[in-house]
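Below is one structure, written out as structure tokens; comments come after it.
Atoms within a ligand are numbered from 1 in the order they appear, just like the ligands themselves.
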Amino acid sequence: MEEKIQELISEVEAFEASNKEQAEAFRLKYLSKKGIIAGLFAEMKNVQPDQRKEYGLIVNELKNKAENKFQVLSESLDASGGDASGPVKDLTLPAEPYETGARHPISIVRKQIVSIFSRIGYTVSEGPEIEDDWHNFTALNFPENHPARDMQDTFFIRQGATDKDAIALRTHTSSVQVRVMENSQPPIRTISPGRVYRNEAISARAHCFFHQVEGLYIDEGVSFADLKQTLLYFAKEMFGSDTKIRLRPSYFPFTEPSAEMDVTCSICKGKGCNVCKHTGWLEILGCGMVDPNVLDNCKIDSKKYSGFAFGMGIERIAMLRYDINDLRLFSENDIRFLKQFRGEIA
Ligand code: 2NL
């Protein structure tokens, strides 16, 4: 029996077809419901129990070889116009045009931001989207009763008996930077692009997920002047060399002091227009000096080291850059929207 199957295997291996009919005949002979291989499998019940395994293996080998042969034959016959002995496709015809795709606007802007910071020595760090309480909140100095920790603002999954060991979808990529600080020592210069989640009702201005780039710089003697100069460089690279910045005092649990940064409106050059609501300024990011508690939480000596951090929403920058007025456009995959970014390279 085994010899017979070996013979079939050799036969299959040697088989050639010069047209589709011959290939189909091969398929019917070996691979159809009433074909040789189905028959061999049906014989299984008559094989001695101690030989069934070996029998099964060799019939399977035959089946794989036959399937493979049929596929290779079909593909080569398709490519050659169906009949190797017949007329070949007219190779002088012009090639069929195929449409080129486009990068997603979020990818375009993310790549630009990453490229701007790469040029001044920042690495790119990534981390999990499903986070624990420590990396998303506690290490970052969020007080126990901070509103961001509420179920209303964050997607939690309760795993144990209490909320303490719940896991959550990260609300910012600072959690990635906590992991970087825990696993390395200064100097640290890194940016963390990624998707983040908030428990929000979906509208033109809010979504339950969006994309962020956060940045972190820690070393000896890093000051607020370093923060300002770094972010001025970023603003000029991103929005044009005549861009000016201004910082307004703000609050984040993980930085002290904290600020919001505005850039001069690139549309009206500061004169006032609809996009900047006639102020001449556009808010683009939040920033501040890393709170010493955060450094200590991540085993970095806050007496020796200091640093700054910042975070921006990629959607917000893309909306300003491309004059997009509805956040939902980014995730609806409407081809008429996506097509418009075809020419953009980044
Ligand atoms: C915003 C503001 C910010 C940070 C993010 C940060 C990270 C670490 C330590 C301290 Cl590990 N800070 N990140 C700092 C200030 C602002 O984001 O509006 N994001 C969309």
field: Sidechain N-carboxylate O distance under 4.0 Å for E129, R195
entry: no
field: Salt-bridge present (R179, E182; N to O < 4.0 Å)
entry: no
Pairwise, report which nitrogen or oxygen atoms of ligand 1 are under 3.5 angstrom from protein nitrogen or oxygen atoms, and how far apart they are.
residue  : atom   : partner : partner atom : Å
ligand 1 : 13 (N) : E214    : OE1          : 2.8
ligand 1 : 19 (N) : Q212    : NE2          : 3.4
ligand 1 : 19 (N) : G311    : O            : 3.4

- prompt: Will you find, in the side chains of N199 and T154, an N or O donor that is under 3.5 Å from an N or O acceptor?
  reply: no
message: Would you say that more than 12 heavy atoms from the other residues, nucleotides or ligands in this model lie under 6.0 Å from the NZ of K236, or not?
response: yes
message: Tell me which pairs pass ring pair (Phe, Tyr, Trp, His ring centres under 6.0 Å) where either residue lies in residues 166-205, with sequence neighbours left out.
response: F142-H172, H172-F254
- prompt: Is NZ or CZ of R189 both nearer than 6.0 Å to the six-membered ring centre of Y122 and within 45° of the ring axis?
  reply: no
